[in-house]
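A quick write-up on the structure given underneath.
Owing to the predicted nature of the structure, the values given are computational and were not obtained by experimental measurement. Numbered from 1 within each chain, the chains take letters A, B, ... in sequence-line order.
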Amino acid sequence: MADDGHMPEGHTLYALARDLDTAFRGTSPVVSSPQGKFAEGAALVSGTEVLEATSWGKHLLVEFAGDRILWVHLGLIGTFTIDTTSYAGEMPVVGQVRCRFATDDHVADLRGPMVCDVVTPEKVDEILGRLGPDPLRPHDVRSDPDLAWKRIQRSSKPIAELLMDQAVLAGVGNVYRSEVLFRLRVNPFRPGDKLQRKTWRAIWEDLVALLPLGVATSKIVTVHEQVDEVARLLEEGEEVRLTERESYVYKRQGEACHVCGSRIRTQVVAGRNLFWCGNCQRRG
DNA sequence: GTTTAATGGGTAT
DNA sequence: TACCCCTTAAACT
């Protein structure tokens, strides 16, 4: 797995669900908890058929036969790696593996999740009901950006905080929020109820365009040159390989803004480090 | 060897 | 606002 495996924003979960679905759909893996903390849940689904693996925002759902769904949230530090191997039964356990799926040819190991539970379909409805639209599924009925706008419009919280609220929209995390606000030159501290609707629509459209590039590259691609390059390669059906991840503002505090040269600033907003250019993002 | 930071989020105060 | 959980690896001493 690429070193950006630790990137649990929506694009990571989307790609993970896709890969788990490819590796395990239609199989009945042995599910275990080498670490022990998930032993009971693992026993509930072990040996039953995987019907589908999907995601919504940062939530991963693996549906097993018998109305049992494995609900996983990676949190800040979780990882779920998939290995293809001919000796799956003998794959050594490395580190704290909360949950392992094993078939004859695949092993998937989950480490450090915030949530790992077996739940009912009703619980899944409740989980999904709490989440806002997901820009990775713009055509889904749940993904009407006006649902997010309604919440934004009636909140006096800064837009940088609202973008992190999964009830407003699902899947955006600390990197995408800083980067998308810079890309649109939006002041991160502008209250939701002072934001223009067209500004919100532009943020949404930008996320709809950006997140698939993250899925394709396993990296958060936001800088225009890279965005153009990756979009072109995807369109041409060519393999996309990126070695360096660049950003406009994320983790660039004290460095010169790529556009105006001002020093990039940082401040904790919604419990996490926000990065922005105080000059480029004065208005908006 | 110990401390810290990391792209999250729930709960208590 | 503070504190808690999850795990790993890099950055400290």
- Report yes if the side chains of A:D134 and A:Y14 come closer than 4.5 Å at any heavy-atom pair, otherwise no. no

Under 4.0 Å: is that the gap between some side-chain N or O of A:H73 and OP1 or OP2 of B:dG8? no

- Query: Which part of the nucleic acid does A:Y250 contact within heavy-atom distance under 4.0 Å: base, sugar-phosphate only, or nothing?
  - Reply: base

*asked:* By the 4.0 Å heavy-atom rule, please label A:N273 as base, sugar-phosphate, or nothing.
replied: sugar-phosphate

- Donor-acceptor pair between A:E179 and A:T222 side chains, under 3.5 angstrom: yes

Requested in this report: Sticking with atom C1', work out how far B:dG1 lies from C:dC6, rounded to a whole angstrom.
Outcome: 23 Å

**Item:** Contact under 4.0 Å: A:R272 side-chain N or O vs B:dA6 OP1/OP2
**Value:** no

* Contact class for A:G95 vs. all strands (heavy atom < 4.0 Å): base, sugar-phosphate, or nothing? -> sugar-phosphate

Considering just the side-chain nitrogens and oxygens of A:Q35, establish if one lies under 4.0 Å of OP1 or OP2 belonging to C:dC6.
no

Can a salt bridge be assigned to the pair A:D117 and A:R68 using a cut-off of 4.0 Å between side-chain N and carboxylate O? no

More than 12 non-hydrogen atoms from neighbouring residues, nucleotides or ligands closer than 6.0 Å to CZ on A:R185, yes or no?
yes

Rounded to whole Å, the CG-C1' distance (A:L74 to C:dT8) equals 14 Å

Just call it for A:E179: base, sugar-phosphate, or nothing, with non-hydrogen atoms closer than 4.0 Å on any strand. nothing

Problem set entry | Spacing of the P atoms in B:dG10 and C:dT8 (rounded, Å) | 23 Å

Which part of the nucleic acid, if any, lies within contact of A:R98, taking any heavy atom under 4.0 Å across all strands shown: a base, the sugar-phosphate backbone alone, or nothing? sugar-phosphate

